[in-house]
Peer 1: 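Structure below; questions to follow.
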Amino acid sequence: MSEPADLIIVGAGPAGMAAAVTALAGGLRVVLIDSGTAIGGQFWRHPPEHARSVIPTEDLHHGLREYHALSETLSAHSHRGQLDLRLHHHAWSAVREDDGFVVHAVDRQRAPQEIAVVLRAPRLLVATGAYDRQLPFPGWDLPGVLTIGGLQALLKSGGVAAGSRVALGGTGPFLLPVAAGLAARGVEVVTVCEAAHPRAWLRHPGPLLRSPGKWAEGAGYALALMRHRIPVRPRTAIISAEGGARVTSVQIASLTSDGSPRPGTERRIEVDAVGVGWGFAPQLDLLVTLGCALTDSVDGNAVVAVDKGQRTTIFGLYTAGETSGVGGAALAVLEGRLAAESVLADSGAAPVLDKKRLAAVRSAVAAQRAFARALALAHPIPPAWSSWLTDETVVCRCEEVSAGVIRSARAEGACDHRQVKQLTRAGMGWCQGRMCGPAVHCLAASKQVYEPAERLVATPLTLGALADLDK
Ligand SMILES: Cc1cc2nc3c(=O)[nH]c(=O)nc-3n(C[C@H](O)[C@H](O)[C@H](O)COP(=O)(O)OP(=O)(O)OC[C@H]3O[C@@H](n4cnc5c(N)ncnc54)[C@H](O)[C@@H]3O)c2cc1C
């Protein structure tokens with residue numbers, strides 16, 4: 001693209017792809033960057049282009065028709081020079097300037113070499129998605145214990161099954177596609193431990209009844225699990241994992257209504273891999289540092305506050321997808337479209353959607369958000385989850401800080417993850433609290449909404465890349 005960009009989009013998942021397609025249709029010049037090797041984000045994660053013919057993954061996906069339509073449109077715009085698509089580019093900082101935004105990224109195409117890249121545009125749309133939320137338990141740091149998203153990412157991007165006998169645990173419907181995907185690749189899924197009870201859904205029947213598509217998707221997974229004889233155990237959790245060089249077994253237990261293990265129900269199951277996930281945490285690094293206002297969401301996360309057009313509280317800055325509330329890929333696509341329509345309107349360009357279609361998108365967004373809210377309320381983090389931890393359980397893996405040390409910090413008055421960090425170094429390591437942040441916060445705080453700390457550098461980068469900035 002020879003001309004300066006009108007819009008930078010960070011994140012080429014469902015939200016960023018849909019936003020780019022709408023902005024391009026409205027005549028804007030767009031730079032779309034993603035740290036991954038392919039567009040599609042978490043939901044439409046694919047092997048890199050050169051490996052697709054040898055690693056078939058199409059059967060692991062949903063909504064591929066939309067993915068193909070969006071990809072083909074992006075590819076056509078890229079050939080015409082209206083879209084500058086940069087994969088392997090990780091944005092590590094974004095700052096506001098008088099006439100727009102500067103995004104600093106590292107190009108890792110020739111890793112381990114890192115090349116500094118500086119992008120400028122009057123408007124910025126951040127669609128950086130989410131990552132698996134984790135709760136520690138004894139043995140969670142053993143090799144072979146992964147997040148459920150990690151298990152799925154290995155399958156979708158490389159056709160790799162992390163084990164042959166796998167136990168899954170946590171809460172939320174994401175357990176189901178992961179179990180079904182593993183089973184489809186010949187893995188024996190020995191148990192799926194769901195901490196919530198299906199009855200919890202009956203408390204929010206409205207959004208459920210208004211979302212027949214979600215029911216159909218759920219029923220498809222339920223059939224797949226039945227076909228593979230995968231036992232799903234409601235109100236149950238994986239409370240510890242054991243092993244040596246690698247995990248060899250897990251202990252599961254039924255839970256009481258507050259989430260404590262029910263005495264006498266503990267059971268050991270032999271496994272060679274484990275996947276655990278407690279919903280998602282939005283990836284807010286760039287947005288928090290830019291100073292966006294945050295708001296509470298019912299799933300325990302803080303998310304970016306947006307208006308009905310996905311504008312943040314910072315002029316010229318938009319967000320879409322999981323960053324403004326975890327709600328799934330279909331919602332992310334709709335929000336991406338809305339955000340791009342706002343960019344077009346604010347740039348003085350003609351809209352792509354007419355009034356009627358825009359109203360239809362807004363009403364679909366409202367319905368999907370209501371469903372996401374019901375989902376979050378039906379699959380909460382069990383209040384007493386920390387009763388699974390011994391004082392020796394490592395919570396911050398990077399700095400090796402145990403639950404006992406964090407409990408002592410709380411007893412000394414630390415009441416959120418920032419204060420615990422100052423006293424114990426929990427969250428100060430390589431991952432900067434992405435893995436342990438929500439858990440440390442729950443262990444320390446009485447109020448359970450997690451706001452990530454401000455990070456000036458959103459990904460570890462080499463000094464060489466920083467030095468390049470002066471050239
Ligand atoms: C591991 C995982 C697996 C999931 N699998 C499913 C599933 O099977 N079914 C389902 O319904 N939902 C799934 N989800 C939920 C899923 O995130 C959403 O439904 C959907 O993908 C959200 O779209 P998005 O565009 O908001 O974000 P994402 O799809 O997460 O896309 C965000 C993109 O931003 C990029 N990015 C992030 N930070 C940066 C940065 N600093 N610089 C450059 N690029 C960056 C990422 O590489 C990613 O491609 C999964 C979530 C996770 C975390």
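Starting from 1, each residue takes its place in the sequence as its number. When a ligand or atom number is given, it counts from 1 through the structure's own listing order.
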Peer 1: Can you list every pair that meets ring pair (Phe, Tyr, Trp, His ring centres under 6.0 Å) and has a residue in residues 277-313, with sequence neighbours left out?
Peer 2: Phe174-Phe280, Trp278-Trp388
Peer 1: Can you report which non-hydrogen protein atom sits closest to atom 38 (N) of ligand 1, along with the distance?
Peer 2: Thr128 CG2, 3.3 Å
Peer 1: Suppose we measure from atom 22 (C) of ligand 1 to each protein heavy atom; which comes out shortest, and what is that distance?
Peer 2: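 Here the nearest protein heavy atom works out to Glu322 CG, 3.4 Å.
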Peer 1: Is the closest heavy-atom distance from Ala127 to ligand 1 below 4.0 Å?
Peer 2: yes
Peer 1: Among pairs that include at least one residue of residues 326-342, which meet side-chain hydrogen bond (donor to acceptor under 3.5 Å, both in side chains), considering only residues two or more places apart or in two chains?
Peer 2: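 Residue pairs with at least one partner in residues 326-342: Glu66-Arg337, Ser324-Glu335, Glu335-Arg369.
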Peer 1: Drop me the distance from Asp59's CG to Arg185's CZ, to the nearest 0.5 angstrom.
Peer 2: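 It comes to 4.0 Å.
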Peer 1: Taking the six-membered ring of Tyr318 (Phe, Tyr or Trp), confirm whether the NZ or CZ of Arg311 is under 6.0 Å from its centre and within 45° of its axis.
Peer 2: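 No, Arg311 and Tyr318 do not form such a contact.
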Peer 1: Quick check: does Ser35 get an N/O under 3.5 Å from an N/O on ligand 1?
Peer 2: yes
Peer 1: Counting from 1, what ligand 1 atoms have a heavy atom of Val10 closer than 4.0 Å?
Peer 2: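 Those of ligand 1 that fall under 4.0 Å from Val10 are 40 (C), 42 (N), 43 (C).
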Peer 1: If I compare all heavy atoms of Ala91 with all of Ala458, which pair ends up nearest, and what's the gap?
Peer 2: O-CB, 4.0 Å
Peer 1: What's the shortest distance from atom 35 (C) of ligand 1 to any protein heavy atom, and which residue and atom give it?
Peer 2: Asp34 OD2, 3.3 Å
Peer 1: Would you call Arg120 and Asp99 a salt bridge, using N to O less than 4.0 angstrom?
Peer 2: no
Peer 1: When you measure from atom 52 (C) of ligand 1 to every protein heavy atom, which one gives the shortest distance, and what is it?
Peer 2: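 Result: Phe280 CE2, 3.4 Å.
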Peer 1: Are Lys156 and ligand 1 in contact, using a heavy-atom cut-off of under 4.0 Å?
Peer 2: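 Judged by the 4.0 Å heavy-atom criterion, Lys156 does count as contacting ligand 1.
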